[in-house]
A.B. asks: 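Take this structure, written in structure tokens, and hold onto it; I'll ask about it next.
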Amino acid sequence: MVFMLPCTSQMPVMVPFEFINRFAEVLEKYFTPPVVPMRIETNLDVVSLLLNEMLDDGYPYVTEPDALRDLVPNGGLLSKLLSGGNKTVPTQSTIPWRRSNVRHTNNELFVDIVETLYMVLPAKPSNSLSGRRVSEPIGSSALYSHSSQPNSAYYSTRPLVSRIEGTIFVTSNLSGIPEISLNLNTLNNHLGRPSFHPAVKIDKWVQSPGTLQFIPPDGKALIASYTLDNNRVGGKNEKNRAQGQGLVFAEFRTGLGIAKDEFEARVWTTMSREVKHVEGLSVNVICDGQRTKKNIKGLRITSGDFHFNDWGIGEWTFPGKTPLGWSASLRGALEREEVDDEEDESEENSKSNGVEDSIGDSFRDATGSSHKSKALDSNVASKESGSGIKPIFPTHLSITYTLTGNVPSGIKVNSLRILKSPGLGEGVKPFKGLRYTTNVGEYIVR
Amino acid sequence: MAKGKNAAEFFADVIKNVASNSLETRKLVYIYLLRYADFEPDLALLSINTIQKSLSDQNPVIRALAVRVISALRLPVIAPIVQLAIKQCCNDLSPTVRRATVQAIGKCYDLDPSTGTNLIESLTKMLSDRDPLVLSSALVTLGKYFPDRLDLLHRPFRNICRILPQLDEWSQVVVLELLTRYSRIYLAKPRVFASNGRSSELKQVEDEDIFGASDTPEDGQRSVVLDPDMELLFKSASALLFSRNGAVILAVAKLYFYLGTRETFSELEVAEPVVRLLRSDSSVQYIALMNIRTMAMTRTKSFVPFLPYFHVLPSDNAVITKLKLEILTLLVDEKTVDTVLSDIKFYATTSNNPKVVANAMQALARCALSFPSHSRRILAWLFHQIGCEKPIVVSETLTSIRVLIQNDPTNHISTVARLAACLDQDLVANAKASIIWLVGEFAGLAYEITPDVFRKCTKTFALEDENVRYQIIVLAAKIYSYHLDRQKSTEMSEETETDLRNRRSNEVIPKLFSHVMHLARYDSSYDIRDRARMFSALLNSSINNDIAFLVLQAPKPLPIISIKEKLLGLESDQKASLNSTPIGRLHLGSVSLILGHSVDGYQQLPSWTPVDHLIDPSIRDEEENKEDGITPFSNTTKQYRQSPPITSLSSKTYREPESHGLRTNGKRLTQQTLDEFLGDVKVASEHGDESEESEESEESEESDEDESEGDGSDESNEGDSNEDVSASEQDGENEEQESDSSNDETSRMIR
């Protein structure tokens with residue numbers, strides 16, 4: 001959906017954007033997702049009523065979904081009116097985010113912890129001079145290696161980006177006004193400053209991090225969201241870096257084979273006690289992103305399906321469930337589209353020699369030959385390594401999968417208690433459920 | 001109605017139902033009424049009576065609804081009625097009704113501004129309301145309709161601070177903004193004391209401008225003394241950093257950014273929630289990044305730990321990539337520079353979005369400039385890229401190299417030579433043209449290489465593209481003009497030092513020049529024919545020689561590369577002429593910042609009130625007996641509100657390009673040392689004060705041309721600049737300096 005936001009006056013710029021997000025959230029609550037245009041069109045009366053309540057005087061007014069539910073009944077006013085309409089007058093509850101008079105026959109409480117993984121693994125330094133990406137001047141960097149090499153080796157072992165974005169959803173189907181305490185075992189992870197639903201008591205969290213105490217809104221709600229940065233420079237999480245990378249690993253190497261034009265992608269999963277399988281695992285082999293058809297010659301794969309789609313991206317998929325403690329590899333060479341490259345290369349060669357002769361004299365006198373000779377060296381180095389033809393390689397892999405039963409950060413719910421529950425009724429034992437889900441946002445292996 | 005059909009014809013029938021017993025019916029009627037009251041104002045008035053009656057209904061929901069509707073009817077006639085209703089409902093027991101009433105105050109003011117004074121009275125009452133929701137709405141109304149009446153906040157100030165986390169999240173945004181402005185006016189600025197380590201006594205650090213702050217040394221103990229009220233505000237605002245609403249977080253960050261010192265900013269980890277905004281969708285990300293960029297310029301330290309967040313992900317679009325790269329280069333330090341560099345190189349080579357490549361290359365150039373130790377490596381890498389297959393990479397590489405060279409011309413003669421060697425490869429026309437241009441710039445500095453390059457270019461002249469041909473002509477003219485220059489000087493100094501080779505090349509250059517001019521005269525492009533004619537006319541007659549020198553040997557302005565300078569407008573770029581506030585100084589979280597220029601209703605933050613003008617803090621005491629502490633001070637408020645926005649002098653001062661090495665100008669300047677030259681410029685600019693404004697506008701034109709490598713538009717300027725120059729040349733001896741500087745201007749303009 002695309003929104004346009006005409007604005008007549010200066011206002012805090014974030015407000016309209018946040019409002020739109022909130023509005024979309026409310027719409028999803030009213031009309032079961034996915035919210036398709038058809039559904040909005042048939043329910044325009046409800047939408048206009050909602051907007052009527054949510055905005056007053058050009059500024060957001062009541063935006064809590066639960067409070068709105070009191071003001072605007074689900075079916076719309078009109079339908080209620082036509083069906084005779086009950087005369088009860090709703091009373092507004094004192095807690096802005098919870099409806100008054102919530103009644104449920106099945107009392108249930110679910111906690112969903114969903115973590116999304118963001119990883120970018122930089123390229124490993126290759127052993128030979130052959131170079132993974134020929135466009136990068138391995139030769140010239142080797143020239144200055146005394147200063148740079150140790151550093152780059154150090155950095156390449158750790159992921160460039162490695163962070164986990166976690167969210168905690170609470171689905172509450174409890175009658176009355178329950179107060180819930182959720183205790184998390186954060187495994188000494190530094191959760192930073194999570195963002196909370198207004199219901200969460202912040203002072204409780206500040207006193208004892210890991211404890212969330214709140215009166216939940218009815219239905220599903222995003223209670224807290226946090227970010228774990230495994231890579232934070234000088235952060236407290238340095239030690240835990242090994243963990244927090246999920247269960248799926250991948251490796252990407254180029255410049256293999258006799259002609260040094262092959263690449264290999266390997267994917268493997270590690271064991272875990274809580275998880276049985278990984279779902280929807282797929283690896284995208286991304287070439288230079290140009291929308292041209294690509295071909296791979298000498299393709300060898302151990303399992304899974306591989307094909308190129310119309311966008312020039314190789315999709316390597318493993319349908320269904322993938323067991324743990326498993327590995328697969330893909331090897332091949334990318335075929336080039338242009339053939340005239342070799343000629344260019346030789347031309348270049350002869351010409352560069354020509355330059356040397358023609359302006360060499362005056363040049364050397366003017367500037368001293370040190371710089372030039374270095375340039376030459378690097379030139380030669382890259383020539384040797386390239387052995388005439390520049391092989392092309394995919395630029396990176398991107399991996400997606402989901403799994404349930406575990407989250408990469410290892411965060412667990414210690415306890416989930418209902419502290420007070422006025423209105424729940426005597427002897428009612430609500431059902432409590434927990435679920436951990438891992439998603440992948442960006443998992444890039446270069 | 002919701003579907004956008006006109007239902008006005010049913011007006012009378014619908015209105016009849018206004019007294020219906022069913023709440024739902026009534027609600028629908030109200031909505032209808034609000035929509036169509038404008039069409040039938042008379043009929044709408046009929047319903048007023050009923051609505052008024054329901055103001056005293058049993059049910060608070062109905063009362064609230066009635067207030068809402070009566071105030072939202074946009075009929076000027078009923079303003080007094082609305083006012084009455086507001087007065088009546090101000091004291092309502094139900095917070096819902098009171099909230100609706102507060103909302104009505106604003107609408108009523110909108111309807112009839114003359115009612116202002118009465119409304120403010122009610123609003124003042126509401127501002128001390130105990131219910132957080134009512135207070136929220138009251139503050140929103142205050143912020144929206146009476147933004148200048150910050151004095152109303154004196155008494156409720158402490159209460160607001162305490163209750164802040166309980167307010168409605170939307171109003172928190174407005175409240176934080178109000179409080180920021182309030183504190184700038186009425187609270188003492190945090191004083192920073194720094195001890196130098198040696199002496200134990202504390203020295204108060206002088207006023208640090210928000211943007212000058214990074215200059216003060218960061219080491220040494222610093223302690224901050226806060227106004228007690230400010231402390232209260234900071235404390236309660238910190239709870240809002242947990243908010244899930246991005247607008248609130250930005251507002252809090254803004255508060256700390258403008259009120260607090262660097263210490264408070266990092267102590268409270270303000271950066272973290274702001275960075276967290278990057279989780280949201282791309283539009284929010286964009287806004288967050290814009291704001292982070294502004295903050296990171298001075299609060300760099302706080303943002304450095306979050307460096308990994310600004311690595312570009314493949315799913316980011318071009319705009320976000322650009323911002324992320326800019327922030328990366330702002331935050332990068334010695335420890336991280338390797339990682340960041342390799343990352344940027346990856347983007348530059350693998351992306352096939354030209355904008356991304358351009359930005360990555362620019363970022364590389366920025367890194368090279370800020371880390372001289374790495375610049376050699378970066379340059380080597382850039383050279384390697386010239387042989388790359390993608391034309392876009394090549395041209396961006398050359399732009400970056402040019403930037404690097406222009407920033408330090410004397411040390412880069414060898415670089416130019418290497419570039420010249422690249423000319424022999426198969427290059428894209430644009431790349432070739434820009435190399436030739438760059439070589440031409442060095443005609444005066446490295447006259448050993450340039451003629452040779454020129455010679456080789458001449459050979460293939462006919463085969464090149466049009467803009468390459470043009471650049472060859474320019475190169476020819478430049479070399480020839482320097483050649484004439486040298487000839488003159490050797491005539492004077494009896495050619496003892498001139499060695500043999502020089503003489504030999506001296507003989508060749510005129511020939512080559514006339515050869516190229518000859519070729520160009522029969523070019524297929526009329527543009528090139530014209531230019532060739534111009535150059536040969538300029539250079540072949542001795543009278544015009546001086547003009548030609550000015551045209552061809554003028555120093556080029558440095559391309560703006562540092563983000564800080566770009567945003568703070570130290571250089572007068574194109575935008576500076578359109579709007580007075582550079583983008584880096586637009587304040588955080590405003591629409592203006594995102595759009596890059598100030599929009600209607602944009603207000604600069606008021607500057608801090610000096611300590612001795614502050615109002616007694618007792619004004620914020622919450623004693624009930626303090627009835628009237630407000631009116632006497634409203635005057636001072638006005639005064640401070642009208643104080644001009646902060647503009648530092650530095651933004652006006654015009655920065656001379658540092659590329660003096662390129663400038664071996666005419667007879668006078670060749671003999672000057674750098675220092676002498678600098679002195680000259682200073683004197684000249686003092687002399688030519690009155691011309692400074694025009695100078696600035698000219699600057700902006702130039703930077704335009706600089707981008708396009710000077711291949712368009714100079715033709716038109718040619719005529720008047722000629723006049724300028726000749727006029728200034730007739731000036732007397734004592735004014736030579738001034739005329740010199742103005743000559744420089746014109747000549748730069750021509751370029």
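Chain naming here is simple, since letters A, B, ... match the order of the sequence lines and numbering starts at 1 in each. Any value given below was found using the heavy atoms of this structure, including those in side chains, with hydrogens, waters and symmetry copies removed.
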A.B. asks: So which atom in S243(B) and which in S195(A) form the shortest heavy-atom distance, rounded to 0.1 Å?
C.D. replies: O-CB, 3.2 Å

A.B. asks: Write down the atom of P194(A), the atom of R276(B), and the distance for their closest heavy-atom approach.
C.D. replies: C-NH1, 3.3 Å

A.B. asks: Do V15(A) and N245(B) make a side-chain contact, defined as non-hydrogen atoms from C-beta onward lying under 4.5 Å apart?
C.D. replies: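 With C-beta onward as the side chain, the pair stays apart.
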
A.B. asks: Counting only non-hydrogen atoms closer than 4.5 Å, does Y118(A) touch chain B with its backbone (N, CA, C, O), its side chain (CB onward), both, or neither?
C.D. replies: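 Only the side chain of Y118(A) comes within 4.5 Å of chain B.
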
A.B. asks: For S398(A), which atoms come within 4.5 Å of any heavy atom of chain B: side chain, backbone, both, or neither?
C.D. replies: neither

A.B. asks: Below 4.5 Å from any heavy atom of chain A, which atoms of V140(B) appear? Answer side chain, backbone, both or neither.
C.D. replies: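 Contact with chain A involves the side chain of V140(B) alone.
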
A.B. asks: Please flag which part of A100(B) lies under 4.5 Å from any non-hydrogen atom of chain A: side chain, backbone, both or neither.
C.D. replies: both

A.B. asks: Under a 4.5 Å heavy-atom cut-off, does chain A meet the side chain of L341(B), its backbone, both or neither?
C.D. replies: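 Contact with chain A involves no heavy atom of L341(B) at all.
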
A.B. asks: Name the region of V174(B), side chain, backbone, both or neither, that has any atom closer than 4.5 Å to a heavy atom of chain A.
C.D. replies: both

A.B. asks: I'd like to know if R244(B) pairs up with E18(A) as an ion pair, taking the criterion as any Lys NZ or Arg NE/NH1/NH2 lying under 4.0 Å from an Asp or Glu carboxylate oxygen.
C.D. replies: no

A.B. asks: Would you say that F242(B) contacts V200(A) through its side chain, given a criterion of any heavy-atom pair below 4.5 Å between the two side chains?
C.D. replies: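 Answer no - side chains too far apart.
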
A.B. asks: Between R68(B), H311(B), Q166(B), which shows the greatest number of heavy-atom pairs under 4.5 Å with chain A?
C.D. replies: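 With the most close heavy-atom pairs to chain A, the winner is R68(B).
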
